[in-house]
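Quick note on labels: first sequence line is chain A, next is B, and so on, each numbered from 1.
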Amino acid sequence: MRLATWNVNSLKVRLPQVLDWLKLHQPDILCLQETKLEDANFSAGELAAAGYHALHSGQKTYNGVAILSRAKAGDAILAVPGFEDSQKRVLAASIGKLRVVCLYVPNGQSVGSDKYRYKLEWLAAVTAWLKRELTSFPQLAVVGDYNIAPEERDVHDPKAWEGQVLFSAPERKAFQDLLALGFKDSFRLFEQPANSFTWWDYRMNAFRRKMGLRIDHILVSASLAPACRVCSIDVEPRRVERPSDHAPVWADLDI
DNA sequence: ATGGTAGAAACTCTA
């Protein structure tokens, strides 16, 4: 089973690229972030024609998450139970024996801002919820745009980024707290090329200059990790005309 | 110290 995640930064703009990518890579599941669409405007018809069922939790202009799957998904959850949040950033569903959680973690804007505090509170709530989810669903994959680079090797210039949003110590601690539930960062289960990143700022020619961060992740629970065969970043969609600022990440699971 | 780009939408906010 191939599982993938991609922050598309507007599904309206990126739908043709998503359809191309589905055709080329044939994932069983593709989780999307930043669809920036209300549910009524979601591209369900085009995706169905491509052979994918879809769940979507969206809003106008900002945020929005979706789970596309070849097999129909069930038992969907559209928010963290008990956590008050007007922003559509969470979607969970079961596909076969696999439980998938699609996350769009808040960006945090800048360290010390209100949005940064919201990011850390949101991460604490999600971590507490996932601890409970694991008891019901041991075969759990938590994927999406985490807006956190976990380690120095995930940042093109760790010295320049030290203490900045996306790489500050409290954010990295929040990521470690999630791993402490037993999750593995599937990308790091395997040898990977140096300078592997998933996001490059649109500004300053960051992509051409290889100034990226690895902030999109596929986390697999302890009981799922042994089934993971490969995890890779596909940078090709970042090279095309009008790209998303994020590249897709995919993993193959022997389940 | 600032601004660079992109998307959505509305002349600004978010990333």
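In this structure, A:R239 forms no cation-pi arrangement with A:F207, as its terminal cationic atom is not both closer than 6.0 Å to the ring centre and no more than 45° off the ring axis.
Going from atom CG of A:N63 over to atom P of B:dA15 covers 7 Å, rounded to whole Å. If you measure from atom NZ of A:K60 to atom C1' of B:dG7, you get 15 Å, rounded to the nearest angstrom. Here the P atom of nucleotide B:dA15 and the CD atom of A:Q33 are 14 Å apart, to the nearest Å. The separation between A:D114 atom CG and B:dT14 atom P is 11 Å, rounded to whole Å. Atom pair A:Q87:CD and B:dT14:P shows a separation of 9 Å (rounding to whole Å applied). A straight line from CD of A:E241 to C1' of B:dA6 spans 14 Å, rounded to a whole angstrom. Taking atom CZ of A:R238 as the reference point, atom C1' of B:dT5 lies 10 Å away to the nearest angstrom. Residue A:K36 contributes atom NZ, which lies 7 Å from atom C1' of B:dA6 at whole-angstrom precision.
Contact of the A:V13 side chain with the A:R242 side chain is registered, since non-hydrogen atoms from C-beta on lie closer than 4.5 Å.
The P atoms of B:dA9 and B:dT14 are separated by 15 Å, rounded to the nearest whole Å. Taking atom C1' in both B:dC11 and B:dG7, the straight-line distance is 15 Å, to the nearest Å. Taking the P atoms as reference points, B:dA1 lies 22 Å from B:dT5, given to the whole Å. Nucleotides B:dG3 and B:dT12 are separated by 15 Å at their P atoms, to the nearest Å.
Shown are A:D254, A:D28, A:D252, A:D234; of these, the salt bridge (charged side-chain N to carboxylate O under 4.0 Å, His left out) with A:R2 is made only by A:D252. With A:H217 as the partner, the ring pair (Phe, Tyr, Trp, His ring centres under 6.0 Å) test is satisfied by one option alone out of A:F175, A:W250, A:W199, A:F183: A:F175.
Applying the 4.0 Å criterion to OP1 and OP2 of B:dT14, one finds that A:R203 has every side-chain N and O outside that range. Taking only side-chain nitrogens and oxygens, A:K12 never comes nearer than 4.0 Å to OP1 or OP2 of B:dA8. In this model, the phosphate group of B:dG7 is approached by a side-chain N or O of A:R14 to a distance below 4.0 Å at OP1 or OP2.
Side-chain atoms of A:T61 lie closest to B:dA8 of the nucleotides B:dA8, B:dA15, B:dG4. In this structure, the nucleotide among B:dC13, B:dA15, B:dG3 sitting nearest to the side chain of A:M204 is B:dG3.
For the pair A:W199 and A:L11, both in contact range of DNA chain B, the more 5′-proximal nearest nucleotide belongs to A:L11. Closest-nucleotide positions on DNA chain B for A:N9 and A:Y62 were compared, and the one nearer the 5' end corresponds to A:N9.
Classified by interplanar angle (parallel below 30°, tilted 30° to 60°, perpendicular above 60°), the ring pair A:H156/A:W161 is perpendicular. Between A:W200 and A:F197, the ring planes lie perpendicular to each other; the angle is over 60°, past the 30° to 60° tilted range.
Within the 4.0 angstrom heavy-atom criterion, only backbone atoms of the sugar-phosphate kind lie near A:R89; the bases stay farther away. When heavy atoms are screened at a 4.0 angstrom cut-off, A:Y104 is found touching the sugar-phosphate backbone but no base atom.
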